[in-house]
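Structure, as structure tokens:
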Amino acid sequence: MIIDDNDLVIKAKEWIKKHFTENVPDQYVYHNYQHSIDVAQSAAAISSFYELHDQELVALYIAAYFHDSGYDQGSNGHEDRGKSYARAFLESESAPEADIVLVEDLIEATKPQITPQTLLQKVLKDADISHVGSDHYWDRCSRVRQELLLTQQGFMSEDEWVEFELQFIKKHQFITDAAYTLYQEKKKKNINRLKKYAKRVQKANNNLAKERETSLDSPKRKKKKKKDNNIELKQISLGRGVETMFRTTYRTHLNLSAIADNKANIMLSINAIIISIAVSNLVPQFEENDKLIVPTLILLGVCLVALVFAILSTRPKVTEGTFTREDIRQKKSNLLFFGNFYRMEVQDFHWGMKEMIKDSDFLYSSMTRDLYYLGVVLAKKYQYLRICYSVFMYGLIASVLAFGLAYFL
């Protein structure tokens, strides 16, 4: 039996997806639905090294899905709430009491202070922290840092964060031999990368300290430099506090935009090929077989409409490309997008960027507006793509039915 095709596992996955979407706040950027899926996949990879019964594998999958479901009410006591949600779900599916207790015991074992006893508990414990030995380690640990900032105001400077991660990953040990085999080598590489990054952060901090000392050595400009350094430190503190959030969000927007463009290119290619084949092969047969006229026109119309919406989703929008200095003074401009400054004089643009960099509120407001408009553009792209794919899907069905009727009638 393939566990992924088990009805109970499928229902549990659907339940968890709906639960995280509707009940868990968006600021939990690490402990979310994707994390539950990742843990389930890691548990599957680790458990494949052992001979487990189907019943045990089903319990392992369900526990992986439910182990962080209690984050709808925060991190404190989330495991106990996850056990309650798992029990309620399994009881609604008439699962045996023994299976329910097994799932609860597995979720209980994911608590940091609990030492797992059974093989299944050890597998789930390793799967929960398997990201330390994966290619996604940097993305996952940055999400943890962002989540701490958003939910607990747990701000850490760059050197504090690196030290925290180093202490955690060096202290951590995989429990099962399978997890050690799968993830230990990559974990060592992540530790080495962290150590190198820690050295770069320390070097940057030392350079900053030297620059501050040098600037304070000038008595004529001491007062002015002191003021500028306070602004600079404020900006550094703010930047380090939210840089992960902006970096992750920008990366997500860019990935979604690339996906949208790829989907549009697929539709452009497919519909262009269908149109060229239909025009060259079916249209010349109209005089000999007039039954082909209607279904062919339907097919061509569908492909043409889908082609138009695919083009609309990728068509660039031309903006004005200029802002005045007064707009910049009033903080109405967004100099982070080329479409807003490509017609400005280089002196005005350079001046505007300096003004924005000096003012942290202006800088973060500009980044926020930039993200908003990126989201607006993405929404329009995906709206056009949805129409394109819907027209293509239903139109293709209609075309096939039309050709079938023409053939039989």
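If you read the sequence from its start, that first residue is 1, and numbering goes on from there.
With sequence neighbours excluded, no residue forms a side-chain hydrogen bond (donor to acceptor under 3.5 Å, both in side chains) with Asn190.
For the pair Asn281 (side chain) and Ile277 (backbone), a donor-acceptor distance under 3.5 Å is present. Not a single donor-acceptor pair under 3.5 Å links the side chain of Lys17 to the backbone N or O of Tyr33. In terms of modelled atom types and a separation under 3.5 Å, the side chain of Asn265 and the main chain of Asp261 share a donor-acceptor contact. A donor-acceptor contact shorter than 3.5 Å is absent between the side chain of Thr296 and the backbone of Ile293. No side-chain donor-acceptor contact under 3.5 Å links Lys13 to the backbone of Leu8. Between the side chain of Gln121 and the main chain of Gln117, a donor-acceptor pair closer than 3.5 Å is present. Checked by atom type and distance alone, the side chain of Ser42 never pairs as donor or acceptor with a backbone atom of Val39 at under 3.5 Å.
The two residues Phe174 and Ala179 come nearest to each other via the heavy atoms CD2-CB, 3.8 Å. Ala306 and Val391 get closest at one heavy-atom pair: N-CG1, 4.2 Å. For the residue pair Tyr71 and Val24, the shortest heavy atom distance occurs at O-CG1, 4.1 Å. Closest heavy-atom contact between Ile298 and Ser399: CG2-OG, 3.6 Å. Contact detail for Ile175 and Pro116: the closest heavy-atom pair is CD1-CG, 3.5 Å. Residue Leu60 comes nearest to Leu120 through the heavy atom pair CD1-O, 3.9 Å, listed as atom of the first residue, atom of the second, then distance.
Residues Lys381 and Ser257 meet the side-chain proximity criterion, which asks for heavy atoms closer than 4.5 Å. For the pair Val101 and Glu97, the minimum side-chain heavy-atom distance is below 4.5 Å. Residues Leu282 and Phe403 meet the side-chain proximity criterion, which asks for heavy atoms closer than 4.5 Å. The shortest side-chain heavy-atom distance between Ser69 and His31 does not fall under the 4.5 Å cut-off. Using a 4.5 Å cut-off on side-chain heavy atoms (C-beta onward), Ile397 and Phe392 make no contact. You'll find the side chain of Lys125 stays beyond 4.5 Å of the side chain of Ile129, heavy atoms only. No side-chain heavy atom of Leu299 sits less than 4.5 Å from a side-chain heavy atom of Pro295. Contact annotation: the side chain of Tyr389 never approaches that of Phe309 to less than 4.5 Å [non-hydrogen atoms, C-beta and beyond].
Counting only N and O atoms by type, the side chains of Tyr61 and Glu56 include no donor and acceptor under 3.5 Å apart. The closest side-chain donor-acceptor pair between Asp128 and His67 falls under 3.5 angstrom.
Remark: of the listed residues Tyr65, Phe66, Phe20, Phe66 is the sole one forming a ring pair (Phe, Tyr, Trp, His ring centres under 6.0 Å) with Trp15.
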| Should His131 and Asp38 be marked as a side-chain contact (heavy atoms from CB on, under 4.5 Å) after you check the CA-CA gap, both sets of side-chain angles, and the distance that decides it? | CA-CA 9 Å; His131 70 277; Asp38 291 341; over 6 Å; no
| message | Between Tyr384 and Ile311, does the side-chain contact (heavy atoms from CB on, under 4.5 Å) criterion hold? Intermediate values first, please. | response | CA-CA 9 Å; Tyr384 284 137; Ile311 293 172; over 6 Å; no
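Using cut-offs of 30° and 60° for the angle between ring planes, the Tyr197 and Trp138 rings count as perpendicular.
Counting heavy atoms of neighbouring residues, nucleotides and ligands inside a 6.0 Å radius, atom CZ of Arg315 does not exceed 12 of them. Heavy-atom contacts from other residues, nucleotides or ligands closer than 6.0 Å to OH of Tyr50 number more than 12. In the displayed structure, Tyr394 atom OH is contacted under 6.0 Å by at most 12 heavy atoms of other residues, nucleotides or ligands. Other residues, nucleotides and ligands place no more than 12 heavy atoms under 6.0 Å from the CG atom of Asp26. Counted within 6.0 Å of CG on Asn76, heavy atoms from surrounding residues, nucleotides or ligands total 12 or fewer; the atom is thus considered open.
Contact check on Glu147 versus Arg140 returns no salt bridge, with no Lys/Arg side-chain nitrogen under 4.0 Å from an Asp/Glu carboxylate oxygen. Ion pair Lys111/Asp80 flagged as a salt bridge, since at least one NZ, NE, NH1 or NH2 atom sits closer than 4.0 Å to an Asp/Glu carboxylate oxygen. Ionic pairing of Arg143 and Asp139 is present here: one or more N-O contacts between side-chain nitrogen and carboxylate oxygen are shorter than 4.0 angstrom.
Taking the six-membered ring for Trp and the full ring otherwise, His78 and Tyr85 have centroids separated by 6.0 Å or more.
The line from CG of Leu307 to CE of Met267 is 9.0 Å long, rounded to the nearest 0.5 Å. Taking CG of Leu106 as the reference point, atom CG of Leu124 lies at 6.0 Å (rounded to 0.5 Å). The CG atom of Asp99 sits 12.0 Å away from atom OG of Ser94, with the distance rounded to the nearest 0.5 Å.
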